[in-house]
Structures are given as structure tokens and as C-alpha cells.
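The block underneath contains the structure these notes are about, expressed in C-alpha cells.
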Amino acid sequence: MLEPDFFARDVVSVARALIGVRLAVAGVGGTIVETEAYHHEDPASHSFNGRTQRNAAMFGPPGRAYVYRSYGIHWCLNFVCEAEGSGSAVLLRAIEPEAGLEEMRDRRWRADTRLRCAGPGRLTQSLGVTGSMDGLALDAAPFALLPAAGPGEIVAGPRIGISRAIDLPWRFGLAGSRFLSRPFGRAQRGQVAPA
DNA sequence: GGTATGATTGACT
DNA sequence: GTCAATCATACCA
């Protein structure tokens, strides 16, 4: 498992540190290859305008899940960071499928393996994440998190799909991974994001 | 009460 | 490249 206070630090550092960490939900998962950081002072964040019923988990203790419905269709999975009340979380955007490949295929029979967990909505569908997991602790079932197997080159760039704070380089990915939701631009390769 | 807007995806021109 | 699906939230009347 990850160390207990892994999530109790600034959300951008956690987003970067999560690249390479292995995630499983009820035994189905793989290596995290793409994340984004969202902070309560960030106009693109759900927590920017304060606590609501939907984003309540973002203001809870770190190390828990925040699951919300996107565009009325998809679920998106976040990890709450920093401290209780801070309203910060890391969005999981892509993983490299490794465990439970048969279950992923059954849940997403149309997509091939490369696209199976490439994108926040696809990832939750393949792993079986739903709104019922909103607010659950990440150090207990059905979640399992294992430290990164080894160092990897990390790239940073602007976040995807937002209309405000579009210049903040708070999207992180594993360099050269085939399982990203979208490639990182050449200009961002090797760039170090601010903590 | 109404209406606009998404941390998306898949189908289609 | 365009566009619809589908709904919680925010904002306005």
C-alpha cells in the first residue's frame, strides 16, 4: 500500500507522484499513466465556488474517493488531497490495463485494450467505478493502491476539457505511454510543473 | 419556474 | 472536423 499520508500534501505534487502507481478496484486495474490536479483556488475546479452536495467529498479528509457524474453520462474518479476542508483532488484520466482484463473487456466490449482505460469516463467504466463509491476511503476495499514499480519519465501539460485556467500545466503523464487519453505536446515534454 | 454549462465519449460528415 | 446524449448544478426571473 501507499504510505498513509501520501495524499496529505499539495495536490499538484500528488498528481505527479501518482504516475506509475498501480490502482485496482475489486481486483481490476493497472498502472496510472495520466492525472490532473484541481485545487479550491482554481477556477476550473468543482470546489472553486465552495462546498455543494455533489463535491462534498472534495472537502472531506484526504485519501478518499470523489466520484461525480460528467455530462450526465460518465463517472469520473478523483483522489482527495491535502487536508480536510481544502477542496482539492486529483482526477484520474488514464491507466495502463494490467489486472482483470477479462472484466474490462466485458464492461467495454467495443474498445480495444489500448483505449479501454484511456480517458476518465472509460477508466471508470472499465474498473466498475460508480457514484456509490463517492467518499470511500482509498486504503480499504474495493480500492487497492501499490507504490510505483520504478522511476519513469513524467511529462506535464495543460489540462483537457476545461474553459478556465487553461494555461496551468497541471496534467501529468507517463512519457511515451500508449495508454494516454491524448498525447502530450512536444513543448511540454520534460517540463517540470510548479509545486 | 426556465435556461445555460460542463474535469466526456462515440457516431457521423 | 461536427454534434447529440443526458443531468446535476448554477444562475436568473
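Every chain is numbered from 1 and lettered A, B, ... according to where its sequence line falls, protein lines coming before strand lines.
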Can you tell me if CZ on A:R108 sees more than 12 non-hydrogen neighbours from other groups inside 6.0 Å? yes
Nearest-Å distance once atom C1' is located in both C:dG1 and B:dA7: 23 Å
Rounded to the nearest 0.5 Å, the CZ atom of A:R116 sits from the CZ atom of A:R114 at a distance of 12.0 Å
Show the distances under 3.5 angstrom between N or O atoms of the protein and N or O atoms of nucleotides 2-7 of chain C.
from  : atom 1 : to    : atom 2 : distance (Å)
C:dT6 : O2     : A:Y71 : O      : 2.4

Expected list for residues 60-79 of chain A: side-chain donor-acceptor pairs under 3.5 angstrom, two or more places apart:
from  : atom 1 : to    : atom 2 : distance (Å)
A:Y66 : OH     : A:H46 : ND1    : 2.9
A:R69 : NH1    : A:I73 : O      : 3.2
A:N78 : ND2    : A:Y66 : O      : 3.2

Which of residues 48-64 of chain A have a heavy atom under 4.0 Å from DNA chain B? A:M58
With a 4.0 Å cut-off on N to O distance, would you call A:R105 and A:D112 a salt bridge? no
Residues in residues 92-108 of chain A with a heavy atom under 4.0 Å of DNA chain B, by number, are A:R93, A:R108
Suppose we screen for salt bridge (charged side-chain N to carboxylate O under 4.0 Å, His left out). Which residues come up paired with A:R22, at least two apart in sequence or across chains? none
Student check: side-chain heavy atoms of A:L92 and A:I32 closer than 4.5 Å: yes
Give each stem of DNA chain C as a range with a range, requiring at least 3 consecutive Watson-Crick or G-U wobble pairs whose two distances are under 3.5 Å. B:1-6 with C:7-12, B:8-12 with C:1-5
Under a criterion of less than 4.0 angstrom to any heavy atom of chain A, what are the 5'-terminal and 3'-terminal contacting nucleotides of DNA chain B? B:dG6 to B:dA11
Kindly compute the distance separating CG (A:N49) from OG (A:S45), expressed to the nearest 0.5 Å. 9.5 Å
Kindly write out the residues that satisfy salt bridge (charged side-chain N to carboxylate O under 4.0 Å, His left out) with A:D134, not counting sequence neighbours, or none if the list is empty. none
Is it the case that more than 12 heavy atoms not belonging to A:Q53 sit under 6.0 Å from its CD atom? no
Any luck finding a side-chain donor-acceptor pair between A:S126 and A:R107 under 3.5 Å? no
Please tell me which of A:R110 and A:I160 maps to the more 5' nucleotide of DNA chain B, matching each residue to the nucleotide holding its nearest heavy atom. A:I160
How would you list, by chain and number, every residue that makes a salt bridge (charged side-chain N to carboxylate O under 4.0 Å, His left out) with A:E84, sequence neighbours excluded? none
Distance check, rounded to the nearest 0.5 Å: A:R171 atom CZ versus A:E36 atom CD? 6.5 Å
Can you tell me, in whole Å, how much space there is between the C1' of C:dA8 and that of B:dG10? 22 Å
Restricting to side chain to side chain contact (heavy atoms under 4.5 Å, CB included), what partner residues turn up for A:S177, sequence neighbours left out? A:V33, A:L174, A:F179, A:L180
Residue set satisfying side chain to side chain donor-acceptor pair (under 3.5 Å) with A:S88, at least two apart, ordered chain then number -> A:S86
Once you apply a heavy-atom cut-off of 4.0 Å, does A:L91 come out as touching a base, just sugar-phosphate, or nothing? base
Just checking A:S181: base, sugar-phosphate only, or nothing, at a heavy-atom cut-off of under 4.0 Å? nothing
Who passes side chain to side chain donor-acceptor pair (under 3.5 Å) against A:T124, sequence neighbours left out? none
